[in-house]
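Every chain is numbered from 1 and lettered A, B, ... according to where its sequence line falls, protein lines coming before strand lines.
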Number of protein chains: 2
Amino acid sequence: MSGLRERKKAATRAALSWAAIRLTVARGYHAVLVEDIAQAAGVSPRTFNNYFASKAEAISARHLDRSRRVVDALRARPAGEPLWRAIEAAFLTSWAPGPEVEQSPPGAHEEWVAGLRVMLAEPALQGEMLRAGAVAAAELAEAVAERTGTDAGRDLYPHLVAAAVNAGVGAAMRHFLRAERPEPMERLLSDALAQLAAGLPPPR
Amino acid sequence: MSGLRERKKAATRAALSWAAIRLTVARGYHAVLVEDIAQAAGVSPRTFNNYFASKAEAISARHLDRSRRVVDALRARPAGEPLWRAIEAAFLTSWAPGPEVEQSPPGAHEEWVAGLRVMLAEPALQGEMLRAGAVAAAELAEAVAERTGTDAGRDLYPHLVAAAVNAGVGAAMRHFLRAERPEPMERLLSDALAQLAAGLPPPR
DNA sequence: CGCAAATATGCTGATCCCGCAAAATCTTGG
DNA sequence: CCAAGATTTTGCGGGATCAGCATATTTGCG
């Protein structure tokens, strides 16, 4: 099952995706060729397209993988836990800033975020990013269905929850990238999920 | 403002988008060349790319235009009307089945829906469709902000509402296309919006 | 070790998409 | 109505993407 082959494939996939992101953030989307990405990952250009159908998909792959970890995290929550508490917990564990954020030299973080902003502004990317979210949302719907005793094949409810959660994550992320001095992602996520769970009455 | 030029441009855009959809539903995404679409719309292939950056964008353009009409419809609702009632009304007027549904010969409708299913299953399209929704959602957020006295530049709320509504529409649409004998789109939409407005507690 | 399956690679062609400049078309002011 | 100016369409050309196919390489297993 998890032989050398599988692990090597996952490593190549991760290397390609990471190289695609790193180069794009540094140079800009159109200044990075598939050839560059393949070279940075140590494979042939043809192999790149064995893993990803497009540059955009390679860049989105990290988002997809992370979203899938959220689904796994949700499945790992205790069965008795209330749905929305479990969802929030799954997100907060999966979106915790990794150690590399602390390690990086001061200033590098701002530079990185600025590069991300430029990258995510690229129309050719936005679609694929959203698609990654949608694919993950479909899998999330399965997990929600299991947890709530609904049927992902017949009921709207689990899909509605998954799509709303996905939308909330996206809104929080864009809010984070839009703001000059943003609130921490953690708080934004919690707020968004809480509001979705409780309903969205107009303020005041 | 609305001189001959503007109208002609809108007409060409609509013709290209419609030709792209029609041909793709009939033959399949990869069997339709940009050249075919341009010819069907009576313009040169080069002109196609003056209007759309890609085949996928051309196909998504109808979705985008319809979503924009929803935003306009929302703005046209009376200012005193409660937010969620206004949103629902805006959708129901914009998504009402047009006269062409009735006119078409029996059987043609099923064939069309089947073709749509195949078309929307195309990965290369899904991203662009989602992006169209996201673009419309950003504009919807503006309208929601105006109506609720929030600030689209600083508050999360209007974006959260718009993203959730967008997600609800998507979930309803996929549910519609998934089901064998689907409920009418109108009911699905209303249900989804009502649940989003009221919150999404687990059933039972 | 040696074979079978999976993976990586090279080559190639169809297609896409955009920059550029010239031609065609519309708008506007007189 | 006409002529100048602005906008749009078109043709050409090139750079890049992406997938099919055949081949070579690597891996897993008996």
Exercise: do B:His175 and B:Arg178 side chains pair donor with acceptor under 3.5 Å: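 Yes.
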Pair B:Ser190, B:Glu88: side-chain N/O donor-acceptor within cut-off below 3.5 Å: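 Short answer, yes.
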Send over the distance from [X] [atom1] to [N] [atom2], rounded to a whole Å.
X: A:His30; N: D:dA16; atom1: NE2; atom2: P; value: 12 Å
X: B:Lys55; N: D:dC18; atom1: NZ; atom2: C1'; value: 12 Å
X: A:Asn50; N: C:dA6; atom1: CG; atom2: C1'; value: 11 Å
X: B:Glu6; N: C:dC26; atom1: CD; atom2: P; value: 14 Å
X: A:Leu16; N: D:dC18; atom1: CG; atom2: P; value: 13 Å
X: B:Tyr29; N: D:dA19; atom1: OH; atom2: P; value: 11 Å
X: A:Asn49; N: C:dT12; atom1: CG; atom2: C1'; value: 14 Å
X: B:Arg13; N: D:dT8; atom1: CZ; atom2: P; value: 14 Å

A:Glu81 atom CD, over 12 foreign heavy atoms within 6.0 Å: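 Yes, CD of A:Glu81 has more than 12 neighbouring heavy atoms, counting only those of other groups under 6.0 Å.
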Euclidean distance, B:Ile21 CD1 relative to B:Trp18 CH2, rounded to 0.5 Å: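 Nearest 0.5 Å value for the CH2-CD1 distance: 6.5 Å.
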From A:Thr12 atom OG1 to A:Tyr51 atom OH, the distance as rounded to the nearest 0.5 Å: 4.0 Å
Closest-nucleotide 5' rank along DNA chain C - winner of B:Ala53 and A:Thr12: A:Thr12
Strand-adjacent residues in residues 34-47 of chain A, judged by heavy atoms under 4.0 Å from DNA chain D: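 Contacts with DNA chain D under 4.0 Å: A:Val34, A:Arg46.
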Flag, side chain of B:Arg131 to backbone of A:Leu125, donor-acceptor distance under 3.5 Å: no
Phosphate-side-chain proximity, A:Tyr51 and C:dA8, N/O vs OP1/OP2 below 4.0 Å: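 The answer is yes; a side-chain N or O of A:Tyr51 sits under 4.0 Å from OP1 or OP2.
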B:Lys8 side chain near C:dC26 phosphate (N/O to OP1/OP2, under 4.0 Å):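 The answer is yes; a side-chain N or O of B:Lys8 sits under 4.0 Å from OP1 or OP2.
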Test item: B:Val144 and B:Leu74 side chains (from C-beta on) under 4.5 Å apart, heavy atoms: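 Yes. Closest side-chain heavy atoms under 4.5 Å.
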